[in-house]
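One structure is given here, and the rest of the page talks about it.
Note that the structure is a prediction, hence the values are computed from the model and not measured.
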Amino acid sequence: MGSEAGIVRKPRVLCLHGFRTSGEILKKQIGKWPQQVLENLDLVFPNGAHPAQGKSDVEGIFDPPYYEWFQFNKEFTEYTNFDKCLAYIEDYMIKHGPFDGLLGFSQGAILSAGLAGMQAKGVALTKVPKIKFLIIVGGAMFKAPSVAENAYSSPIRCPSLHFLGETDFLKPYGLELLEKCVDPFVIHHPKGHTIPRLDEKGLETMLSFIERIQKTLLDEEEK
């Protein structure tokens with residue numbers, strides 16, 4: 001083809017790490033996925049908005065420093081520094097974007113799915129392009145009522161890929177989140193609250209999802 005029409009660009013993805021870990025740690029955790037997945041995505045790994053304010057569960061497994069996106073009470077119903085976290089992410093997206101989608105693990109996954117809903121409602125990420133897809137690993141829904149109301153008042157319409165671990169303590173909440181999504185792809189794995197390797201079936205689902213988002217981006221660029 002003589003023109004550039006039809007050339008598929010790599011989707012650019014902002015990757016939000018888990019509670020009290022880091023961008024570098026998430027990069028290592030995702031590094032075990034096959035090259036045919038990694039080479040089709042442009043992945044960016046920022047650190048969380050705040051240095052960790054307590055002990056990290058990954059101490060002794062991954063080196064510090066550790067970060068967190070926001071803080072919460074024991075019941076997960078009240079958040080501290082949440083607005084600062086939203087401003088930090090939006091600022092990062094302005095400086096390093098544009099981004100096409102979000103990938104998140106654990107606290108980063110809860111945040112990713114919620115951000116898509118909050119952006120659609122016009123209460124977050126108002127200065128950056130629309131989030132076009134989500135990859136949610138070990139995710140759940142926000143529990144703080146005021147935040148949840150903004151995040152899930154409408155269904156999440158962009159395509160989403162959900163990793164659900166058989167023994168993950170968050171699995172029931174990940175299933176609740178799944179019900180809020182209009183266009184979900186799902187990868188089931190036998191592990192717990194972790195970023196799993198991809199088996200043959202998981203890889204097939206992941207590649208179908210990437211193909212889907214590439215087509216979405218191509219359609220948008222041709223409009």
Decide side-chain contact (heavy atoms from CB on, under 4.5 Å) for I210 and M206; before the verdict, give the C-alpha distance in whole Å, the side-chain angles of both, and the deciding distance to 0.1 Å.
CA-CA 6 Å; I210 292 172; M206 184 78 161; 4.3 Å; yes
ILVMFWY cluster, V182 and L134 together (side-chain gap under 4.5 Å)
no
What are the two closest heavy atoms between I135 and F209, and how far apart are they?
CG1-CE2, 3.7 Å
Only pairs at least two apart or in different chains count here, so list each salt bridge (charged side-chain N to carboxylate O under 4.0 Å, His left out) that has a residue in residues 100-118.
R9-D100, D100-K132
Search all heavy atoms of T126 against all heavy atoms of G122 and return the closest pair with its distance.
CG2-O, 3.5 Å
Might you work through the side-chain contact (heavy atoms from CB on, under 4.5 Å) test for E24 and D63, ending with a clear yes or no?
CA-CA 9 Å; E24 194 52 42; D63 293 335; over 6 Å; no
Across all chains, not counting sequence neighbours, the side-chain contact (heavy atoms from CB on, under 4.5 Å) partners of A52 are R20, Y66, E68
Nearest 0.5 Å please: distance from the CG atom of N47 over to the OH atom of Y67.
4.5 Å
Before giving the answer on side-chain contact (heavy atoms from CB on, under 4.5 Å), spell out for I30 and V37 the whole-Å C-alpha distance, their side-chain angles and the decisive distance to 0.1 Å.
CA-CA 10 Å; I30 282 176; V37 169; over 6 Å; no
Which atom pair, heavy atoms only, marks the closest approach of K127 to I94?
CB-CD1, 4.0 Å
Is it true that, when you exclude E211 itself, more than 12 heavy atoms of the residues, nucleotides or ligands shown sit nearer than 6.0 Å to its CD?
no
So, K32 side chain and I195 main chain: donor-acceptor pair closer than 3.5 Å or not?
yes
Can you hop from Y88 to L103 via hydrophobic side chains spaced under 4.5 Å?
no
Is there a continuous path of hydrophobic side-chain contacts, each under 4.5 Å between heavy atoms, that joins L164 to V137?
no
Any salt bridge (charged side-chain N to carboxylate O under 4.0 Å, His left out) involving residues 166-189? Give me the pairs, sequence neighbours left out, ordered by first then second residue.
E166-K171, D183-R212
Give every residue pair that meets the ring pair (Phe, Tyr, Trp, His ring centres under 6.0 Å) criterion with at least one member in residues 25-48, sequence neighbours excluded.
W33-F163
Please round to the nearest 0.5 Å and tell me the distance separating atom CG of L86 and atom CG of N81.
11.0 Å
About how many Å separate CG of L217 and NZ of K10, when rounded to the nearest 0.5 Å?
13.5 Å
Using atom types as modelled and distance alone, determine if a side-chain donor or acceptor of Q119 lies under 3.5 Å from a backbone N or O of L125.
yes
Between Y152 (side chain) and F142 (backbone), is there a donor-acceptor pair under 3.5 Å?
yes
My understanding is that a hydrophobic cluster links ILVMFWY residues whose side chain heavy atoms are under 4.5 Å apart, including indirect links. Using that, what else belongs to the cluster containing F169?
L170, Y173
Around E39, counting heavy atoms of other residues, nucleotides and ligands shown, do more than 12 lie under 6.0 Å from its CD?
yes
Return the NZ to CD1 distance between K28 and I61, rounded to the nearest 0.5 Å.
12.5 Å
Mind running side-chain contact (heavy atoms from CB on, under 4.5 Å) on E90 and V128 for me, showing each step along the way?
CA-CA 7 Å; E90 182 165 60; V128 295; 4.3 Å; yes
Verify, without hydrogens or angle tests, whether T167 (side chain) and K191 (backbone) share a donor-acceptor contact under 3.5 angstrom.
yes
So with a 6.0 Å cut-off around NZ of K121, is the heavy-atom count from everything else above 12?
yes
Side chains of L161 and I213, heavy atoms from C-beta outward: is any pair under 4.5 Å?
no
L38, I187: one ILVMFWY side-chain cluster at the under-4.5 Å cut-off?
yes
Locate the shortest heavy-atom distance separating G139 from A109; write the atom from each residue and the value.
CA-CB, 3.6 Å
Kindly give the heavy-atom pair with the smallest separation between A116 and C158, and that separation in Å.
CB-SG, 4.5 Å
Are any of the side-chain heavy atoms of L26 and T21 separated by less than 4.5 Å?
no
To the nearest 0.5 Å, what is the distance between CG on L102 and CZ on F133?
8.0 Å
Roughly how far, to the nearest 0.5 Å, is CZ of R12 from CG of L41?
12.0 Å
G108 backbone acceptor or donor facing S112 side chain under 3.5 Å:
yes
Note, K215 side chain near D219 side chain (heavy atom, < 4.5 Å):
yes
Counting neighbours of CG on D91 that are heavy atoms of other residues, nucleotides or ligands and sit closer than 6.0 Å, is the number greater than 12?
yes
By ring-ring contact (aromatic ring centres under 6.0 Å, His included), F70 pairs with (sequence neighbours left out) Y79, F82
Would you say Q107's side chain and W69's backbone share a donor-acceptor pair under 3.5 angstrom?
yes
Which pair of heavy atoms, one from S106 and one from G18, lies closest together, and at what distance?
CB-CA, 4.1 Å
If hydrophobic clusters are built from ILVMFWY residues whose side chains come within less than 4.5 Å, do L111 and V123 share one?
yes
Is any side-chain heavy atom of H193 closer than 4.5 Å to a side-chain heavy atom of F105?
yes
